[in-house]
Amino acid sequence: MKLSRSVSWFLLAFGVWSWFIWVTFARNLWKDASGLAFDDAGDPTTYFWVHLLLAVTSFLLGTAVGVIGLRGVRALRRERSRG
């Protein structure tokens, strides 16, 4: 399958965006002081585990999408350099 230039760049940008958003989200979840992520004893709550799973899954999917975009961009550059 051949991706267009705009689709390849979009997928790559989505992957980078995913890294930024979900890593930031996980960091903020870990530092949560509102009482949602950790109970009074400091133990993780169900809210924490569900949102951590969501963040990790989204991070992995975003990484996979970004890799597809990167491969598309690199293939287009190789094709252009060949002539």
Side-chain angles (χ1 to χ4, degrees):
M1 171 186 263
K2 187 175 178 180
L3 299 174
S4 70
R5 182 179 188 166
S6 58
V7 169
S8 295
W9 278 107
F10 174 78
L11 294 176
L12 181 58
F14 182 86
V16 171
W17 175 255
S18 180
W19 271 66
F20 175 74
I21 290 298
W22 291 108
V23 168
T24 302
F25 180 82
R27 192 176 303 139
N28 290 337
L29 181 64
W30 192 261
K31 294 179 189 176
D32 180 57
S34 69
L36 290 173
F38 298 96
D39 61 16
D40 294 334
D43 297 325
T45 63
T46 303
Y47 175 91
F48 173 84
W49 292 115
V50 167
H51 285 82
L52 183 63
L53 179 63
L54 172 67
V56 168
T57 302
S58 297
F59 176 74
L60 292 174
L61 289 173
T63 300
V65 168
V67 167
I68 292 169
L70 179 62
R71 290 177 67 184
V73 167
R74 292 170 83 191
L76 288 169
R77 287 186 177 175
R78 276 193 307 267
E79 185 179 296
R80 187 173 39 171
S81 68
R82 287 183 193 160

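Only a predicted model underlies this, so the values are computations on that prediction, with no experimental measurement involved.
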For A33, which residues count as a side chain to side chain contact (heavy atoms under 4.5 Å, CB included) partner, sequence neighbours excluded?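 Applying side chain to side chain contact (heavy atoms under 4.5 Å, CB included) to A33 gives none.
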With sequence neighbours left out, write down each residue that passes side chain to side chain contact (heavy atoms under 4.5 Å, CB included) with D43, or none if nothing qualifies.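 D39, A41.
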If every non-hydrogen atom of S18 is compared with every non-hydrogen atom of S58, which pair is closest and at what distance?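 Shortest heavy-atom contact: OG-O, 3.3 Å.
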Can you confirm whether R71 sits close enough to R74 that some side-chain heavy atom of one is under 4.5 Å from a side-chain heavy atom of the other?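 Result no, sub-4.5 Å side-chain heavy-atom pair not found.
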If hydrophobic residues (ILVMFWY) are linked whenever their side-chain heavy atoms come closer than 4.5 Å, directly or via other members, who joins [X] in its cluster?
X	result
V50	none
L76	none
F59	W17, W19, F20, I21, W22, V23, F25, L29, W30, L36, F38, Y47, F48, W49, L52, L54, V56, L60

Give the table of side-chain donor-acceptor pairs shorter than 3.5 Å for residues 5-14, with sequence neighbours excluded, one pair per line with atom names and distance.
| residue | atom | partner | partner atom | Å |
| --- | --- | --- | --- | --- |
| S6 | OG | S4 | OG | 3.4 |
| S8 | OG | S4 | O | 3.0 |

Test of understanding: with side chain to side chain donor-acceptor pair (under 3.5 Å), list the residues that count as partners of D32, not counting sequence neighbours.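 D32 satisfies side chain to side chain donor-acceptor pair (under 3.5 Å) with S34 only.
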Tell me whether V65 is reachable from L70 by hopping between hydrophobic residues (I, L, V, M, F, W, Y) whose side-chain heavy atoms are closer than 4.5 Å.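 Unlinked, L70 and V65 end up in two clusters.
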Please list, chain by chain and in numerical order, all residues satisfying salt bridge (charged side-chain N to carboxylate O under 4.0 Å, His left out) with K2, sequence neighbours excluded.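 In terms of salt bridge (charged side-chain N to carboxylate O under 4.0 Å, His left out), with neighbours along the sequence ignored, K2 is linked to E79.
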